[in-house]
Amino acid sequence: MEKNSKEVSDTSTEVRVRFAPSPTGFIHIGSLRTALFNLLFARHHGGKNILRIEDTDQSRKVEGAVENLIKNLSLLDINFDEGPLQGGDKGPYYQSERLDIYKKYCDDLVEKGAAYYAFDTPEELDEMRKLQQLEGRQTMYDRRARDLSEEEVRENIKSGKPYVIRLKVPLNEEVKFDDLIKGTIKIETNNIDDQILLKSDGFPTYHLANVVDDHLMNITHIIRGEEWVTSVPKHILLYKALGWDVPKMAHVPLILNKDKTKLSKRQGDVAVEDYLKKGYLKEALINFMALLGWNPGEGEEQEFFSMDELNKRFTIEKVQSSGAVFNIDKLNWMNNAYIKNFDLDKLTELSLPYFENTGIDTNDKEKTKKILSAIRVYLNKLDEIPEQLKIFTQDEVELENNNLKEILEAETSKTVFRALVEKFSALESLNPENYKLVLSEVQKETGIKGKQLFKPLRIALTGSENGPELPLIAEIFGKEKVTDLISKWI
RNA sequence: GGUCCCAUCGACUAGGGGUUAGGUCGUCACUCUUUCACAGUGAAAACACGGGUUCGAAUCCCGUUGGGACCGCCA
């Protein structure tokens, strides 16, 4: 299809999208983007954003995962109109609480001849796959239980044999659908697996639960990761068998590692929590994620977008159809840009946890703010605060290397130091303004200027040749500390 | 291996028949700042390849190559 055909064909119905994670303990950065795109799409169209928990795999249950997920999402201002927390009239929003619903539709399917019982053991299936692999064929269910007679089925059930229910994929047909991002996708049904719909533990698989819920929850647009495209045909078959309309689909391209494989744990952090912990600001994270695979287009060169702007501008047809490498350098740059421009009071508030155990008394708000304003330009993320704090917290000035000592012990340095101590001592208190005054006076009186004037002072105060602006450091240190540190070298 | 998807600087991308192929990150240089950083200016840097279609193709079509996803009683 033409990729740009209208993303909302029927404006009379309310747009309803869902984010449907399985609660495995943490939110993957890729899921975050999917959640974001869903949210933006819903907001852009004045629709509803729904959270549904896909917890049909009992073996993967993780305690507290749902709470954690919701918490982290809301930390990033990704909120829902319906879901486990806020409820809604299409609930329950946990799939594990909807078992009887799936069972019912599954029975329907069997009755209609669109699904069938299968009694194969996992071992048998394993063997089948191994054989297929050996023969270089596609590994898929060989549909061996398709034609079991009613009698056989009844017998098997009676004798207590575990069973699953599989989708009876019609043969020799073609399934076609128009993806809002990828365009038309076609696949022959002969290549589609007779997917398991109901597991032997009575739980549905993703495919069944997903289709049933999306329909029952009136989902109009399915926006999810590209890893799902290959299962869409199965879903379409299900919709058809159930006599339901197929929602519009949009498959978002993957987020990639540097080597272009699907973003994975092995190659860096993938949990949203990790980024939050490291002190990436939510604004930066959202802004960056939005731009990974989406852009406003039309020659627009703006790169900084607030959530509000994103809501206004986001359209699904501007979503890229190819995968995007997750580039931490650019995230860092963007986060640094946000840090530099952030409201200082708010930034201080956010930074407080990172000052813990650094020896800075954060009860002194003014001082903390001053320190932060001096170092924020260096910060790619908030967890870099401690390493920037060394010059403010060290009791003894530790020289970075021995060459610095020579500079301190130079005759010109001593002259400068003597003059500085005298003048600083005479001040009531030190601030950037009178600091500058004193320095120009000293320059005049001693005739020492440039590097010879500033460098020894910086080294005496910080032990390093570079760092934040000296007037700021001097003010933060205060008169006492400054004169003490200088006096040592006279 | 099978099915499906994808292809513009190293990365994110704009552009979608006629452009000196634009921007951002990163890299490099210079300027500013008597430090580093910040900021500013500039530079290097791309249409995977081959065929069509067309007066004209990065743009449309086909093929090749390359990359990726999926192939579970996981989602």
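For clarity, every value in this text was computed on a predicted model and none was experimentally measured. The chains referred to below are lettered A, B, ... by the order of the sequence lines, with proteins before strands, and numbering in each begins at 1.
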Please enumerate all protein N or O atoms sitting under 3.5 Å from an N or O of nucleotides 21-23 of chain B, with distances to 0.1 Å.
residue	atom	partner	partner atom	Å
B:G22	O2'	A:Glu301	OE2	3.4
B:G23	O4'	A:Glu301	OE2	3.3

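- Along RNA chain B, the nucleotide closest to A:Asp329 and the one closest to A:Ile185 are compared, and the more 5′ of them pairs with A:Ile185.
- Nucleic acid contact class of A:Gly225 (heavy atoms, under 4.0 Å, all strands): none.
- Proximity of A:Asn295 to the phosphate of B:A14: a side-chain N or O atom is located under 4.0 Å from OP1 or OP2.
- With sequence neighbours excluded, the residues forming a side chain to side chain donor-acceptor pair (under 3.5 Å) with A:Asn72 are A:Asn68, listed by chain and number.
- Ring orientation note: the planes of A:Tyr280 and A:Tyr275 are tilted relative to one another, at an angle of 30° to 60°.
- Across all strands shown, B:A7 pairs with B:U65; the Watson-Crick or G-U wobble distances both stay below 3.5 Å.
- Within the 4.5 Å cutoff, side-chain heavy atoms of A:Leu216 are placed close to those of A:Tyr105.
- In this structure, CG of A:Asn380 is placed 12 Å from C1' of B:G26, rounded to the nearest angstrom.
- Base pairing annotation: B:C38 forms no Watson-Crick or G-U wobble pair, as no partner gives both donor-acceptor distances under 3.5 Å.
- With a cut-off of 3.5 Å on both Watson-Crick or G-U wobble distances, the partner of B:A21 is given as none.
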Per-nucleotide protein contact string for nucleotides 61-66 of chain B, where B marks a base within reach and S marks sugar-phosphate only (heavy atoms under 4.0 Å, - for neither)
------

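- Separation of the P atoms belonging to B:U64 and B:A39 is 48 Å when rounded to the nearest angstrom.
- Judged purely by distance below 3.5 Å, without hydrogens or angles, the side chains of A:Gln133 and A:Thr139 never pair a donor atom with an acceptor atom.
- Using a 4.0 Å heavy-atom cutoff across all strands shown, A:Lys455 reaches no nucleic acid atom at all.
- Nucleotides B:G26 and B:G40 are separated by 12 Å at their P atoms, to the nearest Å.
- Heavy-atom nearest nucleotides on RNA chain B were determined for A:Ser322 and for A:Arg137, and the one closer to the 5' end corresponds to A:Arg137.
- No side-chain donor-acceptor contact under 3.5 Å links A:Tyr378 and A:Asn336.
- In this entry the distance linking OH of A:Tyr141 with P of B:U3 reads 22 Å, nearest Å.
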Tell me, for nucleotides 68-75 of chain B in 5' to 3' order, what letter each nucleotide earns: B for a base near a protein heavy atom under 4.0 Å, S for only sugar-phosphate near one, - for neither?
SSSSSBBB

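- Legend: residues meeting ring-ring contact (aromatic ring centres under 6.0 Å, His included) with A:Phe304, ordered by chain and number and at least two apart, are A:Trp333, A:Tyr338.
- Partner assigned to B:C32 is none, using Watson-Crick or G-U wobble distances below 3.5 angstrom.
- A:Phe392 and A:Phe477 have perpendicular rings, their planes meeting at more than 60° on a 0 to 90° scale where under 30° would count as parallel.
- Remark: B:A58 base-pairs with no nucleotide; criterion is Watson-Crick or G-U wobble with both hydrogen-bond distances under 3.5 Å.
- In summary, A:Arg52 and A:Asp213 engage in a salt bridge, as defined by a charged side-chain N under 4.0 Å from a carboxylate O.
- For the pair A:Thr189 (side chain) and A:Pro170 (backbone), a donor-acceptor distance under 3.5 Å is present.
- The partner of B:A43 is B:U27, judged by Watson-Crick or G-U wobble contacts that both fall below 3.5 Å.
- Across all strands shown, B:C71 pairs with B:G1; the Watson-Crick or G-U wobble distances both stay below 3.5 Å.
- Proximity of A:Gln320 to the phosphate of B:A14: a side-chain N or O atom is located under 4.0 Å from OP1 or OP2.
- With C1' as the reference atom, B:A14 and B:C55 are 28 Å apart, rounded to whole Å.
- When rounded to the nearest whole Å, the span between CG of A:Asp179 and C1' of B:C6 equals 13 Å.
- For the pair A:Leu134 CG and B:G2 C1', the computed distance is 15 Å after rounding to whole Å.
- Only the P atoms considered, B:A45 is 10 Å distant from B:G10, to the nearest whole Å.
- Closest non-hydrogen pair, A:Leu331 versus A:Ala284, comes out as CD2-O, 4.5 Å.
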Give the C-alpha distance, both sets of side-chain angles, the deciding distance and a yes or no for ring-ring contact (aromatic ring centres under 6.0 Å, His included) between A:Phe326 and A:Phe288.
CA-CA 10 Å; A:Phe326 185 90; A:Phe288 176 75; 5.5 Å; yes

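- Of the residues listed (A:Lys451, A:Arg458, A:Lys455), the one engaging A:Glu465 in a salt bridge (Lys or Arg N to Asp or Glu O under 4.0 Å) is A:Lys455, and it is the only one.
- Using C1' as the reference atom, B:U31 and B:C12 are 28 Å apart when rounded to the nearest Å.
- Looking at heavy atoms from C-beta onward, A:Arg18 lies in side-chain contact with A:Asp214 at the 4.5 angstrom threshold.
- For B:A21 and B:A43, the P atoms lie 15 Å apart once the distance is rounded to whole Å.
- The distance between atom CG of A:Asn191 and atom P of B:C4, rounded to the nearest whole Å, is 7 Å.
- A close approach under 4.0 Å does not occur between any side-chain nitrogen or oxygen of A:Lys182 and OP1 or OP2 of B:A7.
- Listed for the A:Ser22 side chain is no donor-acceptor partner under 3.5 Å among the backbone atoms of A:Thr24.
- In this structure, the CD atom of A:Glu317 is 13 Å from the P atom of B:A14, given to the nearest Å.
- The C1' atoms of B:U20 and B:A11 are separated by 24 Å, rounded to the nearest whole Å.
- In this structure, A:Leu331 places its CG atom 12 Å from P of B:G26, rounding to the nearest Å.
- Taking the P atom of each, B:C38 and B:C9 are spaced 27 Å apart, rounded to whole Å.
- Between A:Tyr206 and A:Trp228, the ring planes are parallel. Angles under 30° get that label, and only those over 60° would be called perpendicular.
- For the residue pair A:Asp194/A:Tyr116, the side-chain donor-acceptor check at 3.5 Å is satisfied.
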Under 4.0 Å protein heavy-atom contact, by nucleotide of nucleotides 30-49 of chain B - B base, S sugar-phosphate only
----BBBSSS----------

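- Counting heavy-atom neighbours within 6.0 Å of A:Lys258 NZ, excluding the residue itself, gives a total of 12 or less.
- When rounded to the nearest whole Å, the span between NZ of A:Lys258 and C1' of B:C25 equals 11 Å.
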